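Please read these numbers as outputs of a predicted model, since none were measured by experiment. One-based numbering, in listed order, for ligands and for the atoms of each.
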Amino acid sequence: MPPPVVCNATTLKEAGTCTGRLVGTAIGVNHLSNNQLTSIAQAEFNYITAENEMKWSSLQPSRGNFNFTNADRIVDFALQNDMKVKGHTLVWHNQLPGWVQNLTSADEVRQVMTDHIKAVMDHFKGKVVAWDVVNEAWANPNDWVNGQPTLRNSVFYQRLGGAFIDEAFIIARETDPTVKLYYNDFRSEAVGQPKGDAIYEMVKGMVERGIPIDGVGLQAHLGLPNDKPAIEDIIANMQRIADLGLEVIISELDGHLCDGETFEEQGVRFHDIAKACVAQPACTAFTVWGIGDRDSWLNTWDELNCMGRRPSGLLWDDDLNKKPAYEGILSGLNGK
Ligand code: XIL
C-alpha cells in the first residue's frame with residue numbers, strides 16, 4: 001500500500017480533493033435563499049445530498065403525480081457550483097406517502113416501487129453520480145427478535161419479503177448503468193454492532209449473488225440513542241466492506257453533545273472518522289448532515305433532552321462560526 005497522502009489544504013473540499021475524496025453536505029431548498037449558508041456550501045463542499053427533496057413523499061406525493069421542482073433547484077445549485085450530487089433516497093419506509101404504505105398486494109408494491117425508481121432515476125440521469133437505493137431497511141433494537149436484528153416491518157418487507165432489497169438494486173441498475181448504487185443505514189458503522197454485522201452479512205450475500213450494489217453508506221449519526229462506536233471498530237467495519245470490493249462512504253455525519261461531550265471532544269471524534277476515511281481507499285466520500293447547528297435536524301429531536309441547549313452536532317455553531325469539529329475534520333481530510 002502506498003503511504004497515505006498528507007495535505008495542507010485550508011478548506012474541506014480542497015483537503016478532500018488533495019486526498020482523493022468527495023466532501024459533502026446535506027442542503028434543503030429552504031437553505032438556498034440564505035446567502036451565508038450557500039457561501040459556506042460553495043467554499044467548503046463539492047458533493048450535495050438533498051436533505052428531504054428527493055424523498056418519495058416530496059417527489060411522488062400521490063400516485064403517478066411527480067413534482068421535481070424543489071429537487072431540481074438543489075441539483076441546479078450544485079451543478080452551477082461544480083458540485084456532484086448523490087440521490088437520496090429511492091426506497092425508504094420514512095417520508096413515504098400513505099398511498100404507498102396502504103398498498104396490500106405484492107404485485108402492486110412491486111409495480112409502484114419499479115415505477116418510482118425508474119421515473120426518478122430517469123429524471124436525474126446524468127445529473128447525479130450515485131443513489132441511496134435502499135435506506136434503513138433494518139429495524140431498530142426494540143423490534144429485534146431475541147436480540148438479533150431483523151428487517152424493518154415496512155410495506156416493502158411486508159409485501160415482498162427481504163427480496164425487495166435485491167429487486168430495488170436490480171431495477172436501479174437496469175434504469176441507469178452509470179451511477180453508483182448504495183445501501184445506506186445508521187447505528188451500523190462498526191464491527192460488533194448487531195446492525196453493522198447484519199448489514200455486512202447482507203451486502204456480502206448480495207455481492208455473492210451478483211446483485212448490482214456498489215457500496216455501503218455509513219450514516220454516522222453518532223450519539224444517543226445511537227451508539228458512539230470506538231474508532232478502531234469503525235475502521236474494521238470499513239475494511240471488511242472494502243474487502244468485498246465495495247465502496248464504503250460516510251454519508252450523514254453528525255454527533256450531538258447532549259451527553260455532555262465538549263466541542264473539543266467532538267472535534268477529536270470527527271477528526272478520527274475523517275482520517276479513517278482518508279486512510280481507506282474504498283472510502284470515496286465524506287458527507288456531513290448540514291452546515292450550522294441552528295439548522296440541524298437534531299434540533300427537532302425532543303427525546304434527546306438536551307438540557308435546553310442545542311444538540312450542536314455539526315461543524316459551524318449557531319452564528320456560523322467554525323467549531324473544533326470543523327478543524328478536526330479539516331485535519332482528518334488532510335490526512336493528518
Ligand atoms: C432527516 C432530515 O434531516 C429532516 O429534515 C427530516 O425531517 C427527517 O429526515 N437518515 C436519513 C435522512 O437517511 O434522510 C434523515 O434526514 C436523517 C436520518
query: Yes or no on side chain to side chain donor-acceptor pair (under 3.5 Å) for Asn67 and Thr69, after CA distance, side-chain angles and deciding distance?
result: CA-CA 6 Å; Asn67 182 348; Thr69 312; 2.8 Å; yes

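- Protein residues with a heavy atom closer than 4.0 Å to ligand 1 are Glu51, Asn52, Lys55, His88, Trp92, Gln95, Asn135, Glu136, Gln219, His221, Glu252, Trp289, Trp297, listed by chain and number.
- At least one side-chain heavy atom of Phe77 sits under 4.5 Å from a side-chain heavy atom of Gln42.
- Under a 4.0 Å N-O distance rule, the pair Asp122/Lys125 qualifies as a salt bridge.
- Taking the side chain as every heavy atom from C-beta outward, Val288 and Phe45 approach each other to under 4.5 Å.
- Inspection of the Asp233 and Gln193 side chains reveals no N or O donor paired with an N or O acceptor under 3.5 Å.
- Judged purely by distance below 3.5 Å, without hydrogens or angles, the side chains of Trp297 and Asp254 pair a donor atom with an acceptor atom.
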